[in-house]
Amino acid sequence: MAEIVRGFWGVVFVGFLMLSKWVDSYEFEDFIFNKTSTGDGAITPTPLLIALTLIQGAAAKGAVCLDGTLPGYHIHPGSGSGANSWLIQLEGGGWCNTVRNCVFRKTTRRGSSKFMEKQIQFTGILSNKAEENPEFFNWNRVKVRYCDGASFTGDSENKDAQLQFRGQRIWEAAMAELMSKGMLNAQQALLSGCSAGGVASILHCDEFRTLFPSSTKVKCLSDAGLFMDATDVSGGHALRDVFKGVVSVQGLQKMLPSSCTNKLDPTSCFFPQNLISNIKTPLFLLNAAYDFWQIQSSLAPPVADPHGLWHDCKRNYEKCCASQIQFLQDFRNDMLNAIKGFGASKQNGLFINSCFAHCQSERQDTWFADDSPLIDNKPVALAVGDWYFDREGVKAIDCAYPCDKTCHNMVSK
């Protein structure tokens, strides 16, 4: 999401991102803006607007949002050489980890299609302009809305609270709908997702592969989905506590991959770092090494920082002291260690830049623009394209902060 500011340079991008934070244990929204992206051409003046389509047959399959309303998606058809190629983007937006905040979530677009926007902008990886999305601009591009609160994974209910936890059924209903609209004939397909949608693109990657014949090129992309089972600033595990609640409230124990749950507890198997080595389908991880969301809500949430010692640092990296920067460097090192085995596989791809960012594929300024973030002089869009189309292997890992001067670092308002 972005706002357009018109000034001396015409159209200037000041992007902001809706970021789930903590109420009770989780969930309210704050605005984040992009500090550095002010160059011309960072976002189109007239972005493509795509209407919401509700899946009319979903209710009969029990595939409904938290409040029982129909799930939905937005689709823009492909053309020319992309007419039989499909890109599916799974929406993100945090999780609900208690009955209380799942009930609250029903009153938002994250839990009910009643509150979803009737139209959304297709930018970045969803853009239909070659100059903004050179690899996938003429593909069939779809954004599946997120309204189950558990990364499209649950299949249970809480009758007393009138909550439907049907993420798995929503996934299946959405895929069936898209197959009926032509995806059945796809020659190429890419499943992607950002944040909680990035977790979903990992969880459903191999399942997505099974929808197509072996002749179809199928790969997956997870953007900002590498949520780490990290130690927070108090020595605790704030995000593990959140994920434990998600697994418990939505009854995910039997829904998570058995290849993981046969070895680890269910909560551990909601962390992508414990899943990626078992994914058989080619997978690309796009992540900021200093993931802005994880700094805010996993490493230094209020529950772990009651005296506010991290208040300024977590909102603006320039205000971090030396010991705080070292803590963040240790987090980066843990992330790189977690993906070593994954990165050793020739079929997988990596783009881990040393930025304070979150979700770089949906934002035009970070996906593909004149001043996009680079690793080895290559922007995200071209790195993903090189990997997807097998032009070359991509294992792009940035040098540590503060060496990368191309970052579009995020700062909390």
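Only a predicted model underlies this, so the values are computations on that prediction, with no experimental measurement involved. Below, all heavy atoms of this structure are taken into account, side chains as well, without hydrogens, waters or symmetry copies.
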Within 45° cone and under 6.0 Å: K219 NZ/CZ vs F284 ring: no
L49 backbone acceptor or donor facing Q119 side chain under 3.5 Å: no
Donor-acceptor contact below 3.5 Å, side chain Q296 vs main chain W293: no
Plane angle bin for W310 and F327 - parallel if under 30°, tilted between 30 and 60°, otherwise perpendicular: perpendicular
Geometric cation-pi criterion R105 and F165, 6.0 Å radius, 45° cone: no
With L190, the side-chain contact (heavy atoms from CB on, under 4.5 Å) member among F208, W86, W139: W139
Check: N138/S81 side-chain N/O donor and acceptor closer than 3.5 Å: yes
Under 3.5 Å: donor-acceptor pair, side chain of K314, backbone of A300: yes
Any Q273 side-chain heavy atom under 4.5 Å of M335 side chain: no
Side chains of E177 and Y73, donor plus acceptor under 3.5 Å: yes
Check: N133 side chain, I125 main-chain N or O, donor-acceptor pair, under 3.5 Å: yes
salt_bridge(K378, E392) N-O dist < 4.0 Å: yes
Check ion pair R145-E117 (N to O, under 4.0 angstrom): yes
CA sep, side-chain torsions, deciding dist, call: D330, Q326, side-chain hydrogen bond (donor to acceptor under 3.5 Å, both in side chains): CA-CA 6 Å; D330 292 342; Q326 186 56 54; 3.0 Å; yes
Check: L299 and L328 side chains under 4.5 Å, non-hydrogen atoms: yes
Donor-acceptor pair between Q121 and Q364 side chains, under 3.5 angstrom: no
Q250 and W95 side chains, donor-acceptor separation under 3.5 Å: no
Parallel, tilted or perpendicular: rings of Y290 and F356 (30°, 60°): parallel
Atom CG of N337 with >12 non-hydrogen neighbours under 6.0 angstrom: yes
More than 12 heavy atoms of other groups within 6.0 Å of K244 NZ: no
Residues S268 and R240: side-chain donor-acceptor under 3.5 angstrom: yes
Rounded distance (nearest 0.5 Å) linking atom OG1 of T261 with atom CE of M255: 11.5 Å
Sulfur-sulfur distance C313/C321 under 2.5 Å: no
Short side-chain donor-acceptor distance under 3.5 Å, Q360 and N353: yes
